[in-house]
There are 4 protein chains.
Amino acid sequence: MDEKNIKRNEMLDSARFLFKENGFHKTKMEDIALRAGVGKGTLYEYFRSKQEIFDEACVEYVKSIHNYVKEISELDVSFKDKLVSLFKGNQNGLEEEFEKNPVDYIMSYKNIISEKFVKTLFEYVSDMNKIIINIVEQGKEEGIVIKEIPSDIIACSIVGTMGEYFKLKMQKKDYALKDDDIIFNLLYNGFSVKKEI
Amino acid sequence: MDEKNIKRNEMLDSARFLFKENGFHKTKMEDIALRAGVGKGTLYEYFRSKQEIFDEACVEYVKSIHNYVKEISELDVSFKDKLVSLFKGNQNGLEEEFEKNPVDYIMSYKNIISEKFVKTLFEYVSDMNKIIINIVEQGKEEGIVIKEIPSDIIACSIVGTMGEYFKLKMQKKDYALKDDDIIFNLLYNGFSVKKEI
Amino acid sequence: MDEKNIKRNEMLDSARFLFKENGFHKTKMEDIALRAGVGKGTLYEYFRSKQEIFDEACVEYVKSIHNYVKEISELDVSFKDKLVSLFKGNQNGLEEEFEKNPVDYIMSYKNIISEKFVKTLFEYVSDMNKIIINIVEQGKEEGIVIKEIPSDIIACSIVGTMGEYFKLKMQKKDYALKDDDIIFNLLYNGFSVKKEI
Amino acid sequence: MDEKNIKRNEMLDSARFLFKENGFHKTKMEDIALRAGVGKGTLYEYFRSKQEIFDEACVEYVKSIHNYVKEISELDVSFKDKLVSLFKGNQNGLEEEFEKNPVDYIMSYKNIISEKFVKTLFEYVSDMNKIIINIVEQGKEEGIVIKEIPSDIIACSIVGTMGEYFKLKMQKKDYALKDDDIIFNLLYNGFSVKKEI
DNA sequence: TATGAATGAGCATTCATTCAT
DNA sequence: AATGAATGAATGCTCATTCAT
């Protein structure tokens with residue numbers, strides 16, 4: 001039965017790769033089967049339809065990000081360390097997964113993912129938001145984050161900046177590690193010139 | 001000739017609406033024609049193919065954002081006012097346009113948009129990035145933005161935060177105008193508690 | 001009213017040229033109109049349909065061959081001269097018309113020409129056969145053609161040889177006028193070596 | 001693999017029948033499939049397109065005539081016997097095949113057959129001409145055919161007469177076997193009255 | 001259980017024809 | 001009378017899915 005699951009995952013991996021590479025409609029069941037090294041009919045022994053494969057692949061994707069964020073949030077470390085960990089995401093083999101914000105990911109597939117899965121996925125995303133907000137609130141408790149700013153807005157800033165920064169990093173050839181420090185400093189202190197007395 | 005262009009735009013609008021609503025593959029030429037109030041054949045008098053309609057609609061979309069940003073950048077106002085204007089985008093009927101970052105938009109359609117148009121679109125995006133960076137540099141000249149932080153990283157922060165904030169706003173039922181102030185303050189000063197002497 | 005007929009013929013000529021060049025299905029009404037220098041709608045002022053244009057063009061073609069043969073048959077000249085005239089057909093601007101035997105022509109279009117016109121055309125062809133047979137019979141009366149051979153079979157030989165000879169001539173670069181004599185001799189005396197006494 | 005070829009041929013036969021009966025454009029893929037007793041999609045498992053089916057059917061047709069002629073030419077029999085065999089073609093189930101001269105056949109489809117196949121077909125035809133000319137030259141060697149007449153012109157006469165004679169035979173209800181003798185005599189000795197001494 | 005040959009619903013596209021100007 | 005923009009019926013082809021082996 002475990003062997004069955006291994007095979008299933010191989011198919012799902014083929015599918016994920018091809019969906020990412022060529023999109024849903026340009027990916028044919030035959031391609032998936034070929035890449036997974038099985039017959040076309042076999043796919044239907046493990047999945048009800050192409051749609052189901054796609055749905056599962058999507059859930060898998062969003063789940064992986066969710067788990068990643070959840071794991072970080074549950075570490076017994078400081079707010080700052082959690083923030084750093086979140087930003088390192090793309091250095092752990094998850095790069096390609098993180099190239100797209102989960103919400104944008106879902107939105108771009110909203111006409112392809114089965115309706116009920118869209119709901120599931122948004123639940124994951126909503127949960128992720130809560131987790132991020134929890135991290136922010138840990139920062140407030142630690143006296144690092146200003147209590148007066150609503151946590152959801154701070155989460156916005158963190159997530160948005162993080163996403164754009166990822167994109168920048170990916171295309172930047174002269175990316176330097178110190179850029180990471182700069183981005184943290186930016187989040188902490190903003191970009192305005194501080195008037196010294 | 002102008003009349004011809006009006007009709008053309010009506011068709012393009014129908015198409016845009018349906019593509020946005022149902023995606024490329026679920027949108028049939030017949031649907032587009034029906035919604036535009038013309039015959040199926042008429043579409044082919046104005047466009048070579050479904051693909052061409054889609055490409056044009058995409059370009060139109062990215063162009064509209066590009067123009068919006070460009071216009072703001074060319075205003076004879078302060079850095080701060082330009083920033084404010086960028087953030088108001090979604091209050092001018094462009095909301096639905098701005099619901100997605102252009103890069104994510106292009107990426108989500110990268111398997112559908114014709115290759116040559118993907119290139120065109122990325123040129124627009126690249127130009128938009130430059131425009132935003134220019135605005136940041138105006139801020140530096142005005143002595144408002146810290147010169148030591150690379151402008152592209154600041155742009156990241158602005159664009160990313162802006163995007164996420166838009167999403168938050170759209171789903172927030174109790175959105176208050178003061179939230180706008182909060183987000184600006186966040187960008188300017190970050191979220192860290194400032195130690196007073 | 002005569003002017004009307006001139007225009008009509010211009011359209012028919014365009015059509016004939018294009019049908020011959022590209023075939024029925026690759027010839028669009030728009031092409032015919034364009035070549036005739038009129039609007040697409042105008043074609044429908046003069047003809048009921050594309051089919052009608054095609055039918056008329058075909059009839060015109062077969063009629064032209066029929067008339068050519070008929071005219072020759074009615075000349076007040078000897079059998080031999082009539083035969084020579086028939087063979088000269090392709091030297092009078094009718095070459096391209098004669099490149100195909102009318103029967104083959106009709107057969108190759110039997111699925112395109114309207115049924116009632118196929119009938120008409122075969123009547124023309126049948127009449128042409130009779131005319132050729134009449135010419136052969138004139139030859140018999142003149143004591144030149146052997147009376148014992150059925151005239152229709154002789155007509156076969158003349159028409160078939162003539163057709164193939166035309167094809168040969170068209171592709172032959174070193175065609176010499178004396179070839180014409182050879183072919184006549186062949187028809188008259190066959191190809192067998194004659195045993196002299 | 002052989003089974004696959006049998007099926008393929010069944011489809012090709014359906015297609016050939018329908019193309020012959022109704023022409024290329026009036027023959028729908030669905031009709032071909034229906035007649036072959038397979039699904040529409042199956043046709044595309046065996047052929048790339050309707051065009052490919054048509055091309056193959058044409059090649060098959062011209063090939064069959066070519067082979068027929070080639071086989072006769074390679075028999076170890078006299079010139080006369082080869083000629084007789086050629087004229088019997090239509091008594092061996094090839095009738096319907098021979099109803100049209102291959103050149104006329106190709107010409108009538110020149111706008112439908114793929115260009116590269118037209119070339120292939122004309123190569124077959126050209127080869128057939130050479131074969132016929134070889135037969136004529138055998139006749140010369142045997143001392144039966146007059147050496148002074150160019151062989152290609154004699155071939156013209158044979159092929160042309162043969163073609164027309166076939167047509168006549170097909171429509172003749174009172175066709176008699178002795179007609180065959182008459183036609184041979186005609187080819188050998190022509191139609192002119194011979195002056196006896 | 002695994003397979004891939006067979007299937008046919010579904011859709012983009014073409015082009016003869018119409019009709020308002 | 002002449003036009004050409006608008007039309008939609010008609011059809012080739014794709015590919016997810018089935019099922020006999």
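Order of the sequence lines fixes the chain letters, A, B, ..., with proteins taken first and strands second; residue numbering starts at 1 for each chain.
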With sequence neighbours left out, write down each residue that passes salt bridge (charged side-chain N to carboxylate O under 4.0 Å, His left out) with C:R8, or none if nothing qualifies.
C:E56

Measure from CD on B:E30 to C1' on F:dA10 and round the result to the nearest Å.
13 Å

I need the single residue from D:Y109, D:Y105, D:F54 that forms a ring pair (Phe, Tyr, Trp, His ring centres under 6.0 Å) with D:Y61. Which is it?
D:Y105

Let's see if you get this right: which residues in residues 47-56 of chain B place a heavy atom under 4.0 Å from DNA chain F?
none

Of A:Y46 and D:K7, whose nearest nucleotide on DNA chain E comes first from the 5' end?
A:Y46

Residue list, salt bridge (charged side-chain N to carboxylate O under 4.0 Å, His left out) with D:E123, at least two apart or on another chain
none

Closest nucleotide of DNA chain F for C:E45 versus for B:E45: which of these residues is on the 5' side?
C:E45

B:M29 CE to F:dT11 P: how many Å, rounded?
20 Å

Excluding sequence neighbours, so at least two apart, what forms salt bridge (charged side-chain N to carboxylate O under 4.0 Å, His left out) with D:E52?
D:R48

Looking only at non-hydrogen atoms, find the nearest pair between B:P102 and B:I65 and report the distance.
CG-CD1, 4.0 Å

To the nearest Å, how far apart are A:H25 NE2 and F:dA16 P?
9 Å

In short, D:V38 meets D:K7 closest at the heavy-atom pair CG1-CE, 4.3 Å

Can you sort out the partners of C:Y124 under ring pair (Phe, Tyr, Trp, His ring centres under 6.0 Å), two or more places apart, ordered by chain and number?
C:H66

According to side-chain contact (heavy atoms from CB on, under 4.5 Å), who are the partners of B:A57, at least two apart in sequence or on a separate chain?
B:R16

To the nearest angstrom, the NZ-P distance between D:K26 and F:dA10 comes to 14 Å

Here the pair of heavy atoms bringing C:M29 nearest to C:I53 is CE-CD1, 3.8 Å

Between D:F19 and D:K50, is there a cation-pi geometry (under 6.0 Å to ring centre, at most 45° from the normal)?
no

The criterion is side-chain contact (heavy atoms from CB on, under 4.5 Å); which residues satisfy it with D:N22, sequence neighbours excluded?
D:L18, D:K26, D:T27

Measure from NZ on B:K28 to P on F:dT14 and round the result to the nearest Å.
20 Å

Mind calculating the distance between CZ (C:R8) and C1' (F:dA2) to the nearest angstrom?
17 Å

Where does the chain C footprint on DNA chain E start and end, counting 5' to 3' with a 4.0 Å heavy-atom cut-off?
E:dC15 to E:dT18

Result block: side-chain N/O donor-acceptor pairs under 3.5 angstrom for residues 114-122 of chain C, not counting sequence neighbours:
unit_1, atom_1, unit_2, atom_2, d
C:S114, OG, C:Q51, NE2, 3.4
C:S114, OG, C:D55, OD2, 2.5
C:T120, OG1, C:K116, O, 3.0

Output all residues satisfying side-chain contact (heavy atoms from CB on, under 4.5 Å) with C:K28, sequence neighbours left out; order by chain, then residue number.
C:D31

In residues 37-44 of chain C, which residues come under 4.0 Å of DNA chain E by heavy atom?
C:K40, C:Y44

Base-pair string, DNA chain E, Watson-Crick plus G-U, cut-off 3.5 Å on both distances, | for inter-strand, is .||||||||||||||||||||

